[in-house]
Amino acid sequence: MGDSDNHSRLNKYDKRRKNTKLISILLILGAILVLILIGMWIFGGNGEEESDEQNEQSAETTEQEENTEAEDTEDDVVIDEGNDSQNDASDEGAEGENEDQETNEEASEDEDNDEVETEQVEPSDDNVSEAYTGNWDPVGTEQEGPHTTDYSDGSQDRIEIDQAASVATGLDQSNMATYWVGNDGDQQVIATVGNADQEAYYRVFLSWVDNEGWQPTKVEVLNELEY
């Protein structure tokens, strides 16, 4: 009876000791697991916060770069628009000047055409293909006082006669040749002129107007040079 009780007590003691040991192990494992979870939460949270901060900083940097690029683009656009405006203004100014010049030239031509009225007349001989009179103005003169025509080359009369013949025929004086100048009566002359290429010849009748110079009165278009 006594041995049986002792044996029973020993068994109970061993079971209690084993249970206590198992509980201690489980508590230790649970504590370790809790520590691991706490560490993961602490270090994992910091990592996520750092990652979030890095993402925010990266986003801010990208936004700043995009804003800078947009500002540079706007500056370039403003500069280009300014250059385009200056170029457009310059082009418009040049076009305006050209238009004004053309308008002035056309107005001058119209005035000349309006001022001079020509009328066809009968040719004076067979060498004349066409003859016409006109209301040309005197070309002006530098001569003063009583006038006597000087027919010599280079004289003031010859210079002014050439000017009047150029006006009446429409020939450019720099491309006009004077073949003959002769007397046609009191204070009247006849000049035979043509272009330098010898393609057209004219007989021009002129009268002297005191203090105003030589005035063309009639032009005859010649078939061929007669002198």
Side-chain angles (χ1 to χ4, degrees), residues 87 89-227:
N87 292 334
S90 177
D91 293 340
E92 290 176 358
E95 290 177 359
E97 291 178 358
N98 292 335
E99 290 177 357
D100 291 341
Q101 183 177 359
E102 291 177 357
T103 301
N104 291 335
E105 290 177 354
E106 291 176 356
S108 177
E109 291 177 357
D110 292 339
E111 289 178 359
D112 292 341
N113 293 333
D114 292 339
E115 290 176 358
V116 178
E117 295 180 0
T118 60
E119 181 181 355
Q120 297 289 328
V121 295
E122 290 293 327
S124 59
D125 56 54
D126 294 337
N127 192 32
V128 178
S129 61
E130 180 185 0
Y132 53 89
T133 59
N135 60 336
W136 296 280
D137 292 329
V139 295
T141 182
E142 296 181 3
Q143 304 181 61
E144 299 177 353
H147 178 260
T148 301
T149 304
D150 184 355
Y151 294 95
S152 59
D153 292 337
S155 67
Q156 191 63 36
D157 275 309
R158 289 293 298 270
I159 293 173
E160 294 173 359
I161 288 171
D162 286 347
Q163 292 175 351
S166 173
V167 170
T169 60
L171 293 174
D172 185 354
Q173 192 172 351
S174 63
N175 192 43
M176 186 182 75
T178 301
Y179 298 102
W180 182 82
V181 176
N183 189 354
D184 191 41
D186 184 25
Q187 302 292 341
Q188 297 182 9
V189 297
I190 298 176
T192 302
V193 299
N195 58 14
D197 297 331
Q198 297 183 349
E199 297 175 346
Y201 306 101
Y202 302 88
R203 183 189 296 151
V204 184
F205 297 79
L206 306 102
S207 297
W208 174 260
V209 178
D210 288 336
N211 302 319
E212 295 184 26
W214 290 101
Q215 179 183 22
T217 56
K218 184 173 72 169
V219 175
E220 294 181 338
V221 182
L222 303 180
N223 295 319
E224 59 183 6
L225 185 63
E226 55 192 354
Y227 298 104

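For clarity, every value in this text was computed on a predicted model and none was experimentally measured.
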Residues Ser124 and Arg203: side-chain donor-acceptor under 3.5 angstrom: yes
Under a 3.5 Å threshold, yes or no: a donor from one side chain and an acceptor from the other, between Gln173 and Gln163? no
Straight-line distance of [X] [atom1] to [Y] [atom2], nearest 0.5 Å:
X	Y	atom1	atom2	value
Glu117	Trp136	CD	CH2	11.5 Å
Asn183	Tyr151	CG	OH	3.5 Å
Gln187	Thr148	CD	OG1	7.0 Å
Asn127	Glu220	CG	CD	9.0 Å
Met176	Asn195	CE	CG	10.5 Å
Glu224	Ser129	CD	OG	11.0 Å

Over all heavy atoms of both residues, which pair between [X] and [Y] is shortest? Give the atoms and the distance, please.
X	Y	value
Ser166	Asp172	OG-C, 4.3 Å
Ser207	Thr217	OG-CG2, 3.8 Å
Asp137	Pro216	O-CD, 4.0 Å
Glu160	Glu142	OE2-N, 3.1 Å
Asp150	Arg158	O-CG, 4.0 Å

Should we count CG of Asp197 as having more than 12 external heavy atoms under 6.0 Å? yes
Is it the case that more than 12 heavy atoms not belonging to Glu119 sit under 6.0 Å from its CD atom? no
Are [X] and [Y] side-chain neighbours, meaning at least one heavy-atom pair lies under 4.5 Å?
X	Y	answer
Thr192	Leu222	yes
Trp180	Ile190	yes
Phe205	Asp184	yes
Thr169	Val204	yes
Thr141	Trp208	yes
Asn135	Val116	yes
Tyr179	Gln198	yes

Dump the intermediate steps for side chain to side chain donor-acceptor pair (under 3.5 Å) on Gln143 and Asp157, then the final yes or no. CA-CA 9 Å; Gln143 304 181 61; Asp157 275 309; 3.0 Å; yes
